[in-house]
Every structure is written in C-alpha cells, then in structure tokens.
Amino acid sequence: MQEVGLSAYTATLTVAIYLDAFVGLVQAFLKIPSLRALAPTQQSPGFIIAQALLLAAFVILGTAVLRGLRRGPPIDSAAMA
C-alpha cells in the first residue's frame, strides 16, 4: 500500500512541477523579447515546439522516477556490515 501512495505522490508532484514550468515557459515567451520574436502568439510553431519539449522532458523524468521507485532503494553495503 505504501508503494501505491508513493507512486501517486510522485506522479502528482511531477504534474505540479510541470505546470509550474509550463507557466514559466509562457511567461518567458511573453516577457523576453527574443523569445517573443520567435513566437509572437501561443499558436506559433516555436512556442508549440518548446511546449512539446518541456512535456517530453517531464514525461521522461517522471517515468524514470517511477521506475526507480519500483526497483527500490540502492543497497548500501556499509549498512549491511
């Protein structure tokens, strides 16, 4: 039961941090002139590509963390002695 709770916590934490990063990405495209020149609207290809890369990074990182949790913590040989 603890593993399910930890997996749910990890998944929701990943989504929450992704949403924060997405807001940061939107703000960056609105406030930084060079990014705004690349994508003047949120329908522009530059913004959509940046959003897709951000989403892909969080999917990869979230999946890696969940896989790491399922494997369990690394064994510390010093603690076994």
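Throughout, residue positions are numbered sequentially from 1 according to the sequence presented.
Across all their heavy atoms, Val59 and Thr63 have their closest contact at O-OG1, 2.7 Å.
Cluster annotation: Tyr9 and Ile17 are assigned to the same hydrophobic cluster (Ile/Leu/Val/Met/Phe/Trp/Tyr, side-chain heavy-atom contacts under 4.5 Å, transitive). Residue Ile32 is grouped with residue Leu25 when hydrophobic side chains (ILVMFWY) are merged at heavy-atom distances under 4.5 angstrom, including chains of intermediate members. By the criterion of side-chain heavy atoms lying less than 4.5 angstrom apart, applied directly or through intervening Ile, Leu, Val, Met, Phe, Trp or Tyr residues, Val15 is grouped together with Leu54 in one hydrophobic cluster.
In this structure, CZ on Phe29 lies 6.5 Å from CG on Leu38, to the nearest 0.5 angstrom. Going from atom CG of Leu19 over to atom OG1 of Thr14 covers 11.0 Å, rounded to the nearest 0.5 Å. We find the CG-OG1 distance between Leu61 and Thr10 to be 12.5 Å, quoted to the nearest 0.5 Å. The structure places CD of Gln42 at 6.0 Å from CG of Leu30, a figure rounded to the nearest 0.5 Å. In this structure, the separation between CD1 on Ile60 and CG on Leu55 is 9.5 Å, given to the nearest 0.5 Å.
Listed by first and then second residue, the ring pair (Phe, Tyr, Trp, His ring centres under 6.0 Å) pairs that reach into residues 50-71 are Tyr18-Phe58, sequence neighbours excluded. For residues 20-41, every residue pair satisfying the side-chain hydrogen bond (donor to acceptor under 3.5 Å, both in side chains) rule, not counting sequence neighbours, is listed here: Thr41-Ser44.
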**Request:** Evaluate the criterion side chain to side chain contact (heavy atoms under 4.5 Å, CB included) for residue pair Phe47 and Leu35; output intermediate values, then yes/no.
**Result:** CA-CA 9 Å; Phe47 180 77; Leu35 290 178; over 6 Å; no
